[in-house]
Amino acid sequence: MNIDRKLSSSSSKIECLAGNNFTGYVEKEGAKKIKEPLSQGTPGARNFKRTNDVEKEGNILGVQTQAKDIDSRLGASGSAFLNSYVNSLWELAKKKLYKEVYLTENVEKKTKELLYLWYQPVKKKQHLDKVHNVYLKRVELVQKYLAKDSKNRFVQLPHLYFDQKNKHGFTGTKVWYENYIRSKQKTRLKLITHAQIRRFLHNEQKETTNQKPRLPLFKDCEKRIQQLGKTDLLKQFYKAVLTQENKSVFVPK
């Protein structure tokens, strides 16, 4: 099976486990080129800045009402191991996204309840670590985005940003993560291809008595690249190792 497809499928399964059912938005945003610059209105770009705004948001009646019994509800409806993931993600988010922002107790309580909902759909304990690592990476991707223009880029308050219904909040970073994985996988495949090219050419540079049999080595390198399921990488390999004098020997059938 195509390695790239395997990884994509695995990533999708992990996201589904986490309850990220926002297919329409993801498909639309995911169709964009990976190198396309992120614009205002994308996750991480919705901003607030003034401390007064933070205090105002944290003290509005809706947030206060929702925060009243969150601690008891989380304790009753979820186990300690699930809350440990919530706390870990929240601590990272505070450090990476809200380091210079004053947050009220009500906002923090509401945010933790929202974060709990990101983990709640994960039914199997062994999947939680995978899902958690995806979320941690998504926070780091947002932090890197903000750091590129720290004077003009800010995230929304956390009780808004981590609401799953907010497509311009943390929900939208699923697309960023998918693009990151695709880019990382693309780099990995290129490195494997270049390693096989070097492997063959290095053998060619040796004295004849020290060389490995050329055809078996060629076939072995070729097979490794074929496993990647990318014809363009295979063509790249052929172009790099097939010279005019050995084409007749090594051209694959």
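Note that this is a predicted model, so its numbers are computed, not measured. Each residue takes its place number in the sequence, starting with 1.
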*Report the C-alpha distance between Y238 and E222 in whole Å, list the side-chain angles of each, state the deciding distance to 0.1 Å, and finish with yes or no for side-chain contact (heavy atoms from CB on, under 4.5 Å).*
CA-CA 8 Å; Y238 292 149; E222 179 187 48; 2.4 Å; yes
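- Formation of a donor-acceptor pair under 3.5 Å by the S183 side chain with backbone atoms of N179 is not found in this model.
- Contact record, T111 with P158: OG1-CB, 3.3 Å, taken as the closest heavy-atom pair.
- Remark: the Q236 side chain and the H194 side chain contain an N/O donor-acceptor pair separated by less than 3.5 Å.
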_For a side-chain contact (heavy atoms from CB on, under 4.5 Å) check, start with the C-alpha distance between L103 and L157, then their side-chain angles and the critical distance, and finish with the verdict._
CA-CA 8 Å; L103 299 171; L157 285 167; 4.1 Å; yes
*asked:* Could you go through V142 and K96, starting from their C-alpha distance and side-chain angles, then the distance that decides it, and tell me whether this counts as side-chain contact (heavy atoms from CB on, under 4.5 Å)?
replied: CA-CA 8 Å; V142 175; K96 298 290 186 179; over 6 Å; no
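- Between F162 and F170, the angle of the ring planes lies from 30° to 60°, which puts this pair in the tilted group.
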*Could you walk me through whether L92 and Q143 pass the side-chain contact (heavy atoms from CB on, under 4.5 Å) check?*
CA-CA 10 Å; L92 181 70; Q143 189 273 332; over 6 Å; no
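- The pair E105-K109 counts as a salt bridge, with a side-chain nitrogen and a carboxylate oxygen less than 4.0 angstrom apart.
- Under the 3.5 Å distance criterion, the side-chain polar atoms of D220 are left unmatched by any main-chain donor or acceptor of P216.
- Annotation for G169 and Q156: closest pair CA-OE1, 4.2 Å, computed over non-hydrogen atoms.
- Taking 4.5 Å as the limit, every side-chain heavy atom of F154 sits out of range of all side-chain heavy atoms of L146.
- The six-membered or imidazole ring of F237 lies near that of F218, with a centre-to-centre distance under 6.0 Å.
- Looking only at side-chain heavy atoms (C-beta outward), L141 and T173 stay at 4.5 Å or farther from each other.
- Residues L82 and L128 have side chains in contact (heavy-atom distance under 4.5 Å, counting atoms from C-beta outward).
- No donor-acceptor contact under 3.5 angstrom links the side chains of N83 and K112, judged on distance only.
- Heavy atoms of other residues, nucleotides or ligands lying less than 6.0 angstrom from NZ of K206 number more than 12.
- Relative ring orientation between W90 and Y98 is described as tilted, the plane-to-plane angle lying within the 30° to 60° band.
- Counting only heavy atoms from C-beta outward, the side chains of K223 and Q227 approach each other to under 4.5 Å.
- Residue T171 comes nearest to N166 through the heavy atom pair CB-O, 3.5 Å, listed as atom of the first residue, atom of the second, then distance.
- Checking side-chain atoms of Q196 against main-chain N and O of R224 turns up no donor-acceptor pair under 3.5 Å.
- Although no hydrogens or angles enter the test, the distance criterion places a donor-acceptor pair under 3.5 Å between the side chain of Q211 and the main chain of N203.
- The backbone N or O of L189 lies less than 3.5 Å from a partner atom in the side chain of T193, making a donor-acceptor pair.
- At a threshold of 4.5 Å between non-hydrogen side-chain atoms, the residues Q120 and L117 count as touching.
- In this structure a side-chain-to-backbone donor-acceptor pair under 3.5 Å is present from Y135 to W118.
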